There are 2 protein chains.
Amino acid sequence: MSDEVSAQLAEACPIVEVLDHVAGKWSIGIIVAAANGPVRFTELERAVEGISRRMLTLNLRKLERDGLLVRTVYPTVPPRVEYELTDMARELYESLRGLLDRAQKHRGSIAASRIAYDSGNAA
Amino acid sequence: MSDEVSAQLAEACPIVEVLDHVAGKWSIGIIVAAANGPVRFTELERAVEGISRRMLTLNLRKLERDGLLVRTVYPTVPPRVEYELTDMARELYESLRGLLDRAQKHRGSIAASRIAYDSGNAA
DNA sequence: CAGAATCCCTAGGGATACTG
DNA sequence: CAGTATCCCTAGGGATTCTG
């Protein structure tokens, strides 16, 4: 491997952290769920399948802190809180969408590869 | 949130797993390092900063199992093993690259957002 | 409704040592 | 060189309970 590759990594590594926030297990679900407009806490809880209330809260805070989500509290009773993607998040979402679609497209190949790999090693 | 969003999530969730393999902390480094041609184990170990030998091995196996990496062993002494991206991995890498670049572009904004968020909450 | 707080447990992953 | 095997420890994250 060349210096060129090292340079690329030096460039890529710091944003792995950002990527983890955008492409992390829960973050993807949240971002996708919020992509079409503001969503409420409970809606997210139902939409992002398998997420616990705790994890939802933590991830929402993280995303808000990173400036990817805006949190709006309506002082009604019962309280109403809405989360919406920022412009930056929308831009990232476009790229994420591309990756998502490509991954989707290759799902079959990946599944097949796993079966082949496993049967090969099981022998 | 609409049924439409739920549908999108149903579509997105299964590939979150794939995404984790492509966009995971270590996988990114490995894929980027292998993007320019075959790399050897030790080269990867040096290139992917902070990775342990154990984690490198585990991630290489995972990527190989998913059909993203081909492992070639040269029966020389000392042994020589090279890892190379598959066509599928290259295709995914293109999309990943787009996301990476966008994330890179927004690094400043994200850092600033965090500072603002933290100072607001520290008060 | 939208969380915050607490308890608890397991799996991710580091450090180290050994081998074909 | 390119791994595998073991030990060990921390942080991610589930379940549950309480509140503005």
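Only heavy atoms go into these numbers, but all of them, side chains included; no hydrogens, no water, no symmetry mates. Per chain, numbering begins at 1; letters A, B, ... match sequence-line order. The structure presented is a predicted model; accordingly, all values stated were derived computationally and were not measured.
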S.K.: Could you list the residues that satisfy side chain to side chain contact (heavy atoms under 4.5 Å, CB included) with A:Thr86, not counting sequence neighbours?
M.R.: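 A:Thr86 satisfies side chain to side chain contact (heavy atoms under 4.5 Å, CB included) with A:Val70, A:Met88, A:Ala89 only.
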S.K.: Do any side-chain atoms of residues 61-69 of chain A form donor-acceptor pairs under 3.5 angstrom with protein atoms, and if so which ones, sequence neighbours left out?
M.R.:
{"from": "A:Arg61", "atom 1": "NH1", "to": "A:Tyr83", "atom 2": "OH", "distance (Å)": "3.4"}
{"from": "A:Lys62", "atom 1": "NZ", "to": "A:Asn59", "atom 2": "OD1", "distance (Å)": "3.4"}
{"from": "A:Arg65", "atom 1": "NH1", "to": "B:Asp118", "atom 2": "OD1", "distance (Å)": "2.8"}
{"from": "A:Arg65", "atom 1": "NH1", "to": "B:Asp118", "atom 2": "OD2", "distance (Å)": "2.4"}
{"from": "A:Asp66", "atom 1": "OD1", "to": "B:Arg114", "atom 2": "NE", "distance (Å)": "2.7"}
{"from": "A:Asp66", "atom 1": "OD1", "to": "B:Arg114", "atom 2": "NH2", "distance (Å)": "3.3"}
{"from": "A:Asp66", "atom 1": "OD2", "to": "A:His21", "atom 2": "ND1", "distance (Å)": "2.3"}
{"from": "A:Asp66", "atom 1": "OD2", "to": "B:Arg114", "atom 2": "NH2", "distance (Å)": "3.4"}

S.K.: Who are the side chain to side chain donor-acceptor pair (under 3.5 Å) partners of B:Ser95, not counting sequence neighbours?
M.R.: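 With sequence neighbours excluded, B:Ser95 shows a side chain to side chain donor-acceptor pair (under 3.5 Å) to A:Arg102, given in chain and number order.
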S.K.: Considering residues at least two apart in sequence or located in another chain, which fulfil the side chain to side chain contact (heavy atoms under 4.5 Å, CB included) criterion with B:Leu58?
M.R.: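 By the side chain to side chain contact (heavy atoms under 4.5 Å, CB included) rule, B:Leu58 matches B:Arg54, B:Met55.
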S.K.: Take the C1' atoms of the five end pairs on each side of the helix from C:dC1-D:dG20 to C:dG20-D:dC1, get both axes, and report the angle to 10 degrees.
M.R.: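 So the angle between the two local helix axes works out to 60°.
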S.K.: State which residues pass side chain to side chain donor-acceptor pair (under 3.5 Å) with A:Arg90; sequence neighbours excluded, sorted by chain then number.
M.R.: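 A:Arg90 satisfies side chain to side chain donor-acceptor pair (under 3.5 Å) with no other residue.
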S.K.: Checking B:Arg80 now: which residues fulfil side chain to side chain donor-acceptor pair (under 3.5 Å) with it, not counting sequence neighbours?
M.R.: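 If we apply the side chain to side chain donor-acceptor pair (under 3.5 Å) test to B:Arg80, skipping adjacent residues, the hits are B:Glu82.
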S.K.: Listed by chain and number, what are the side chain to side chain contact (heavy atoms under 4.5 Å, CB included) partners of A:Val73, not counting sequence neighbours?
M.R.: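 For A:Val73, the residues satisfying side chain to side chain contact (heavy atoms under 4.5 Å, CB included) (neighbours in sequence not counted) are A:Arg71, A:Val81.
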S.K.: Restricting to nitrogen or oxygen on both sides, can you table the protein-nucleotides 15-20 of chain C pairs closer than 3.5 Å?
M.R.:
none

S.K.: Working to the nearest 0.5 angstrom, can you tell me the gap between A:Leu92 CG and A:Ser27 OG?
M.R.: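 Reported to 0.5 Å precision, the distance equals 11.5 Å.
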S.K.: Between CG of B:Asn36 and CD of B:Glu84, what distance do you get to the nearest 0.5 Å?
M.R.: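 B:Asn36 atom CG to B:Glu84 atom CD measures 11.0 Å (nearest 0.5 Å).
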S.K.: Reading DNA chain D from 5' to 3', where do the contacts with chain A start and stop? Cut-off is 4.0 Å to heavy atoms.
M.R.: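 So the contact region on DNA chain D extends D:dG13 to D:dG20.
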S.K.: Please identify each residue that fulfils side chain to side chain donor-acceptor pair (under 3.5 Å) with B:Glu94, with sequence neighbours left out.
M.R.: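 Here no residue qualifies.
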S.K.: Can you tell me how far CH2 of A:Trp26 sits from CG of A:Leu56, rounded to the nearest 0.5 angstrom?
M.R.: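 CH2 of A:Trp26 is found 9.5 Å from CG of A:Leu56.
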S.K.: Between the side chain of A:Ser113 and the main-chain N/O of A:Ser109, is any donor-acceptor distance below 3.5 Å?
M.R.: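 No; zero donor-acceptor contacts below 3.5 Å.
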S.K.: For DNA chain D, which residues of residues 55-76 of chain A approach it to below 4.0 angstrom with any heavy atom?
M.R.: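 Nucleic-acid contacts, sorted: A:Met55.
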